[in-house]
Peer 1: 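Dropping a structure here in structure tokens format, bear with me for questions.
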Amino acid sequence: MEAVPNLLIGLREGLEAGLVVTILLAAVRQANAGASVSGGRRISPAPVWLGVLGAVMLAASFAAILTYSTDALPSRLQAAVGGLLSVFAVGLVTGMVFWMRRTARTLTAHLRGEVARAAAIGAGALTLTALLAIGREGLETTLFLWTAVRAAGSTLAPLAGAGLGLAAAVVLCLLLYRQAVRLNLGTFFNRTGLALVVIAAGVLAYGLGDLQEASLLPGQRWVAFDLTGHVDPNSWWVSIISGATELAPRMTVLQALAWVTYLAVVIPMFLRAGTTTERATTTPAPTPTSPSQEVPADAAAARPDAAGAVPAVGRWERMASARTTGVAAAVIVIPAAVAGLVIIALPSAGASATIAVTVTSSGCAPEWRSGHTGTQTFEVVNRSGKAGEINLTDASGRVVAEIETMGPATTVPMTATLGLGQYSFACLMSGATLHGTPVEVAGEHQATTPAVEPVTAADLTGPNRSYQAYAAQQLATLAHDVARLRTDAAAGDLAAAKRDWLAAQLDWERVGASYSSFGAAGEAVGGLPDGLPGGADDPDFTGLHRIEYGLYHGESAASLRGMIDRLTTDVATVRANLTGDDEAGDPTNLPLRAHEILEDAQRDHLSGLDDQGSGMAYALTYADTQATRTVLDVLTPLLTARMPNLVPTVTEQLGALQAALLVTRAGGQWQPVDQLPLPARQRVNGALGALLETLSNAPGLLDVPAQH
């Protein structure tokens, strides 16, 4: 489906350019027919073909400059240039669509008049006429195809679609010229114009995303929707939608608004433009000379005067006659020469501070062909339309640098210090692994980034068992405290029940439960009323927070015995399933827990989301720091081998957070968040934010690649 928009662009734009050629040749043939009758001078069609060749060379040179100039730029500048060109291309093609809709009825007469005036001057002028008439179409087509290919996120399918569309246009124009087929070109251009408007909307959204990536527009992190984690980018229905509209599974608010606004404004204007044009045409047009042109023409534009001569007016009067050979050299050699000089003048890839490489559906960093020792930064651009992981490995397959979970249509830097030897990229994209060409790195010998073997599930099994043993101890303590809670609740001792509840809740936090990591039973122990039809009164709201709600909202301690009995059962279920099939039993989820425990605290505790009346957010967060320290301890050997400074940094930041939390206590009692001065709250939030940013490295460092 990635080929469909470009096939349509190639067919429509190729047919438009081919139609111009057809009309020019038909005008030459008509002029020669008149010359045969009157005994005048015949016109050779060779200058027209020479103009066509010049237009093709101009478009090809423009394409070469676009490709090589942007590839030589750093990734941020590539995004900026690509975004600006995309927006310009959308404006250009929008104007072209409206122009064709308004002027289709007089196009033939206009071009025949140009041919007549050029023929009166000489072959060189006729060549320039063809070059100017077709060159505009060629430049326009090249730019729009280039931007559409970039938006498609692939290099093979869009180009193949464009090639097929252009080839089909050439064949169709040949048949039209030979009167082998008849086609209502007005209807064709009007209907394909609507399709081009939809494609242009997608290109506009993609271009604005590039400008956001280049920091020329704000809002890169203001995401309207991100379906990359919920849908398969390679599924047939996603391919159809993205292929037909150029939409991406992830779009920012600006991109989504631009797409909707463009369509809402342009489509009604396009439809009204056609209605206005039809009403403005009041005089029946003469029958075309050739069936190759079904659009009515104004024959008066090329009408001879009384003496039978075709007047030469406007710019042609000021043009000197040119020799055909000179014009031929100019239109063919000059575009190629200019493109060559521009490409030669561009900085080489090695001169750039960064090395731009791309990931496509069929290639993994093919641009990287040579390397030197030392620290290098690769700007990895994901144009595959898939999410995945990017690794840079040495000759033995050990990972030197990696990018974890790179989304479609994103650019991420990767920095590594390379030594002497062979390196290659490996792109693990949605289950399919692509390998780049091995590159021999030369230069002076120096220290390199430590290379490590990719983490396997076996590497994480031992640490996960250590964590499970720790969690089992905490769950045993939790069961004991829940039993004491039941006893005090049965006695109606509300104060004791509140103390028992807090002890049990802290036990649960120290287990390290986060993000449904203990399955349905875990949700029953620590779940919240959010999303339940009855809210806090819903019968499905159970567990520690339900008991908290009752204790702090006027329910008697004795009335909560039924809830406490259910909690006892749910805790027993969690203990039984600790080494089973839930997420706590999967060793590959342990690195996520190192970050998610405190992320869960930030989301639920400090925001007040899970507070059911106790105001114990800081107490629960402190317990979460204890669980995080335990998980970090069991993962330390694996983390240190991959990022030596990570664990010391986390340990220091973890201590700073715990110190900031302890300051919130008064008289040995934890204070509610809303009763603390702003500086104290800011110290906690700042310390937690810094720690979470550092801890975010852990899941990526210890992610198990798909092939393992």
Side-chain angles (χ1 to χ4, degrees), residues 228-230 387-389 391 399 402-407 428 430-431 452-475 478 507-527 570-571 573-604 623-643 646-647 650 654 691-708:
T228 55
H230 306 283
E389 175 183 339
N391 292 334
V399 177
E402 66 178 341
I403 299 173
E404 173 62 28
T405 315
M406 185 178 187
L428 290 65
S430 298
V452 295
E453 293 286 346
V455 178
T456 65
D459 295 330
L460 293 169
T461 298
N464 196 57
R465 287 174 179 168
S466 297
Y467 161 73
Q468 288 175 331
Y470 157 81
Q473 294 176 353
Q474 297 300 318
L475 287 170
L478 172 60
D507 293 336
W508 179 245
E509 298 298 327
R510 293 189 191 99
V511 170
S514 59
Y515 287 87
S516 306
S517 56
F518 289 91
E523 282 293 294
V525 172
D570 291 333
V571 170
T573 302
V574 172
R575 297 178 69 184
N577 293 341
L578 184 60
T579 59
D581 296 331
D582 59 25
E583 292 188 19
D586 185 352
T588 63
N589 287 317
L590 184 61
L592 295 174
R593 197 180 304 276
H595 180 259
E596 287 182 347
I597 293 173
L598 283 174
E599 187 177 54
D600 189 70
Q602 183 186 55
R603 183 195 66 179
D604 291 345
D624 289 332
T625 64
Q626 295 172 308
T628 298
R629 188 179 292 276
T630 297
V631 174
L632 188 66
D633 287 343
V634 300
L635 292 175
T636 291
L638 294 174
L639 290 172
T640 302
R642 288 155 179 81
M643 187 179 288
L646 179 62
V647 174
V650 170
L654 195 56
L691 177 57
L692 284 174
E693 184 175 353
T694 305
L695 281 173
S696 64
N697 292 289
L701 290 171
L702 302 183
D703 180 66
V704 178
Q707 67 265 36
H708 292 284

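Side chains are part of it too, since the values below use all heavy atoms of this structure and drop only hydrogens, waters and symmetry mates.
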Peer 1: Step by step, would you call Leu654 with Leu598 a side-chain contact (heavy atoms from CB on, under 4.5 Å)?
Peer 2: CA-CA 10 Å; Leu654 195 56; Leu598 283 174; 4.2 Å; yes
Peer 1: Would you mind reporting whether Pro591 and Leu701 have side-chain heavy atoms less than 4.5 Å apart?
Peer 2: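 No, every pair of side-chain atoms sits at 4.5 Å or beyond.
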Peer 1: Looking at Glu693, is its backbone amide N or carbonyl O close enough to the side chain of Ser696 to form a donor-acceptor pair, meaning the two atoms are under 3.5 Å apart?
Peer 2: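 Yes: the side chain of Ser696 pairs with the backbone of Glu693.
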Peer 1: Between CD of Glu509 and CD of Gln474, what distance do you get to the nearest 0.5 Å?
Peer 2: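 Answer rounded to 0.5 Å: 11.5 Å.
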Peer 1: Report the distance from atom CE of Met406 to atom CG of Leu428, rounding to the nearest 0.5 Å.
Peer 2: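 One gets 13.5 Å once the value is rounded to the nearest 0.5 Å.
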Peer 1: How about Tyr470 and Val511: do any of their side-chain heavy atoms sit closer than 4.5 Å?
Peer 2: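 Tyr470 does not reach Val511 side chain to side chain.
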Peer 1: Identify, with sequence neighbours excluded, every residue that meets salt bridge (Lys or Arg N to Asp or Glu O under 4.0 Å) alongside Asp604.
Peer 2: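 Listed in chain order: nothing, the list is empty.
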Peer 1: Hey, could you give me the CD/OG1 distance between Gln468 and Thr461, rounded to the nearest 0.5 Å?
Peer 2: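 Gln468 CD to Thr461 OG1: 9.5 Å, rounded to 0.5 Å.
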Peer 1: Quick check for you: to the nearest 0.5 Å, what is the distance between His595 atom NE2 and Thr694 atom OG1?
Peer 2: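 Separation between the atoms: 9.5 Å.
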Peer 1: Does any part of the side chain of Asn697, heavy atoms only, come nearer than 4.5 Å to the side chain of Val650, both counted from C-beta?
Peer 2: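 Side chain of Val650 against side chain of Asn697, heavy atoms only: no contact under 4.5 Å found.
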Peer 1: Taking the side chain as every heavy atom from C-beta outward, state whether Asp600 and Asp624 have any atom pair closer than 4.5 Å.
Peer 2: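 Result no, sub-4.5 Å side-chain heavy-atom pair not found.
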Peer 1: For Asp459 and Thr456, test the side chains for any donor-to-acceptor distance below 3.5 angstrom and give the result as yes or no.
Peer 2: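 There is such a pair between these side chains.
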Peer 1: Please check: side-chain N/O of Glu402 versus main-chain N/O of Glu389, any donor-acceptor pairing under 3.5 Å?
Peer 2: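 No.
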Peer 1: With side-chain contact (heavy atoms from CB on, under 4.5 Å) as the test, would you mind laying out the steps for Leu691 and Thr625 before giving the verdict?
Peer 2: CA-CA 10 Å; Leu691 177 57; Thr625 64; 5.7 Å; no
Peer 1: Shortest non-hydrogen contact from Val634 to Pro463?
Peer 2: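 Reported closest heavy-atom pair: O-CB, 3.5 Å.
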Peer 1: So, for Ile597 and Ala627, which heavy atoms are closest and what is the spacing to 0.1 Å?
Peer 2: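 The answer is CD1-CB, 4.0 Å.
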Peer 1: Would you give the length of the straight line joining atom CG of Leu635 to atom OG1 of Thr630, rounded to the nearest 0.5 angstrom?
Peer 2: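 With rounding to 0.5 Å, CG (Leu635) is 11.0 Å from OG1 (Thr630).
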Peer 1: Can you tell if the side chain of Leu639 reaches within under 4.5 Å of the side chain of Leu632, non-hydrogen atoms only?
Peer 2: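 Side chain of Leu639 against side chain of Leu632, heavy atoms only: contact under 4.5 Å found.
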Peer 1: Measure the spacing between CG of Leu590 and CZ of Arg465 and express it to the nearest 0.5 Å.
Peer 2: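 That separation rounds to 13.0 Å.
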Peer 1: Looking at Arg593 and Gly512, would you say the former's side chain and the latter's main chain have a donor-acceptor pair under 3.5 Å?
Peer 2: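 Checked: pair present.
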Peer 1: Could you tell me if the side chain of Asn464 sits less than 4.5 Å from the side chain of Asn589, heavy atoms only?
Peer 2: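 Side-chain contact under 4.5 Å: no.
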